[in-house]
Amino acid sequence: MAGSLDNSEELEFSDRPVPRDQRMGRLPLTMAWWSVCSAMFYLVIAASLALAYGARNAIIGLVLSVVAYAAVNAVLVRHAIRTGLSVSLFSRILLGRSGAAVATLIFFATAIYYAVFEGSVIAVALREYAGISYPLAALVVAVYSVALIFGSIQNWLDKFNGVLLPFYLLGLVAAVVLAVAEYGYSDAWLNLGPQGGAPAGGWWDCFVAYMGVWILMMFTYDYARFGRPEDARFHAAINFGAPFYAVAFLLNGLVGIFLAASLPTEGAVSEVSVVFALVQLMGVAGLAFVWISQTRINTANYYLAAVNMESFAETVFRLHLPKWVWACVVGAIAYALMLADVFAYILQALAYQGIFVVAWVGIALVHIATDRGAGDTDLADARAVNPAGLGAWLLASGAGLALHFAGGTAASLSAPATFLVAAAAYAALAGRATARRALS
């Protein structure tokens, strides 16, 4: 890495763009980012969609999602690298300082919710295999997850996740091989689906389901800002592009669908049922695989929750505390939520927050396409409220929530409609503001 600092110095740049001399090399940033490609969530969501809409529809939805994510992130990655801005800082330009605070709040809250999901999976695995109580297992997970992000993304997380990546991939292969050895192979997994057959057009529902995970666009932006300008093409096309999502979504999804059809699970397919099946099939190796997959993704969840909570506190309360304090706060919140029976509520909250995230992405893409970088690093001129950005964000989010509450077919269109309304509204409002300034 160019220009490494001592570990005692703050390297997160939550309140300013990442300077050029603190950017990371290709391989370290790739290893840090690819922690996001491993999670039981990716296996389970694909399996759940296959059961609801048919395996072939799920696979089509997966492929389309890989293409869509790669296309959107290619734009976001180049902008993040060029400016060095974080989501919080970029949101000050898009929405104004007040709107940016809300966007940052949604970002770190969503990251905490995902940390709760993934952390609970490890805790359940520890409880089942080691026989310790769930509260103790959850405490162990929260404590070591916080400890792992005390080091900076530049000097620690890249190395940690780089070491674990091959073990995660070996674990995927081992799970498939052992499932075939134990239960035999059948192509019935390709015909997995609901009773009565797969619905026509189910691929669209599968594609839209993955729009609910567009929080990964914000994850991408906060990681990509550490990239070097000379590596922008590599990061846009490879590191944060189609190869990454081919592993995170497609490879994990195919394995998830296959295991759902091959492994005996009690009740509906869920992260917990998959964990039970894997631990029963693989023993201690299954526990290790679950630990590796969930720990890798949780380094990203805890890291992004901590740095965005830090940015939120600085913006709203003018409270300046080191990142390790916010890491501990995140850990305490995550632990409390892991103990509470709030998963149904959290799933609803994630659905609502996903609409706000999709709207943010639509506005960001239009801004990048039309602004051409003018003033993107001049944060001192950021207004308290940017009427164009905040107006488009609220309008699009309101439209998306209305469709979501309507249910049925309308709900399945909520995310795409939110994206289109946000992009169109921001283009119109920002264009009108520009015209007014030209006439004044």
Side-chain angles (χ1 to χ4, degrees), residues 37-66 117-118 120-122 124-131 164-200 202-203 205-206 209-210 243 245-297:
C37 76
S38 62
M40 289 293 108
F41 172 79
Y42 298 135
L43 278 71
V44 173
I45 188 174
S48 299
L49 291 173
L51 287 167
Y53 300 105
R56 288 179 169 81
N57 280 330
I59 293 170
I60 293 172
L62 282 166
V63 172
L64 292 176
S65 295
V66 170
F117 287 145
E118 308 306 345
S120 67
V121 171
I122 308 176
V124 167
L126 284 173
R127 183 191 66 190
E128 292 304 307
Y129 191 84
L164 292 184
L165 178 60
F167 291 100
Y168 172 71
L169 295 175
L170 286 173
L172 274 183
V173 173
V176 173
V177 170
L178 289 175
V180 172
E182 181 71 18
Y183 302 106
Y185 175 79
S186 169
D187 62 0
W189 67 280
L190 290 171
N191 298 311
L192 191 67
Q195 291 184 349
W203 60 269
D205 296 279
C206 296
Y210 278 91
Y245 287 103
V247 174
F249 289 170
L250 189 56
L251 176 61
N252 282 321
L254 292 174
V255 171
I257 296 171
F258 176 78
L259 292 179
S262 303
L263 299 181
T265 58
E266 295 183 7
V269 173
S270 66
E271 287 186 313
V272 173
S273 68
V274 171
V275 167
F276 288 161
L278 285 174
V279 171
Q280 183 178 7
L281 176 68
M282 302 173 67
V284 68
L287 177 63
F289 174 61
V290 171
W291 180 83
I292 289 170
S293 68
Q294 305 308 95
T295 298
R296 279 170 47 81
I297 186 69

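Computed over heavy atoms, backbone and side chain alike; hydrogens, waters and symmetry mates excluded.
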What's the separation between atom CG in Leu164 and atom CG in Leu170, rounded to the nearest 0.5 Å?
12.0 Å
Treating Asn252 as the side-chain partner and Ser38 as the backbone partner, does any N or O pair qualify as donor plus acceptor under 3.5 Å?
no
Using 0.5 Å steps for rounding, measure from the CD1 atom of Ile59 to the CG atom of Leu49.
11.5 Å
Determine the minimum heavy-atom distance between Ala46 and Ile257, stating which atoms define it.
O-CG1, 3.7 Å
Does the side chain of Tyr210 reach to within under 4.5 Å of the side chain of Leu64, using non-hydrogen atoms?
no
Can you list the residues that meet the ring-ring contact (aromatic ring centres under 6.0 Å, His included) rule with Tyr42, with sequence neighbours excluded?
Phe249
Please name the pair of heavy atoms, one in Ala47 and one in Gly256, separated by the smallest distance, quoted to 0.1 Å.
CB-O, 3.6 Å
Can you check whether Pro199's main-chain N or O pairs, donor with acceptor, with Asn57's side chain at less than 3.5 Å?
yes
Determine whether Tyr53 and Ile60 make a side-chain contact, defined as any pair of heavy atoms from C-beta on separated by less than 4.5 Å.
no
CG (Leu165) and SG (Cys37) are apart, to the nearest 0.5 Å, by 5.5 Å
Determine whether Leu62 and Val66 make a side-chain contact, defined as any pair of heavy atoms from C-beta on separated by less than 4.5 Å.
no
Spatial distance of atom CD (Gln294) from atom CZ (Phe41) [nearest 0.5 Å]:
11.0 Å
Listed pairs under 3.5 Å, donor-acceptor, residues 273-283 side chains, sequence neighbours left out:
residue, atom, partner, partner atom, Å
Ser273, OG, Ser270, N, 2.7
Ser273, OG, Ser270, O, 2.9

N/O donor to acceptor pairs below 3.5 angstrom from side-chain atoms of residues 178-196, sequence neighbours left out:
residue, atom, partner, partner atom, Å
Tyr185, OH, Trp189, NE1, 3.2
Ser186, OG, Ala188, N, 3.1
Asn191, OD1, Arg56, NH1, 2.7

Between Met40 and Ile297, is a side-chain contact (heavy atoms from CB on, under 4.5 Å) present by the stated rule, with each step listed?
CA-CA 9 Å; Met40 289 293 108; Ile297 186 69; over 6 Å; no
Under a 3.5 Å distance rule, please check whether Ser293 uses its side chain to pair with a backbone N or O of Val290 as donor and acceptor.
yes
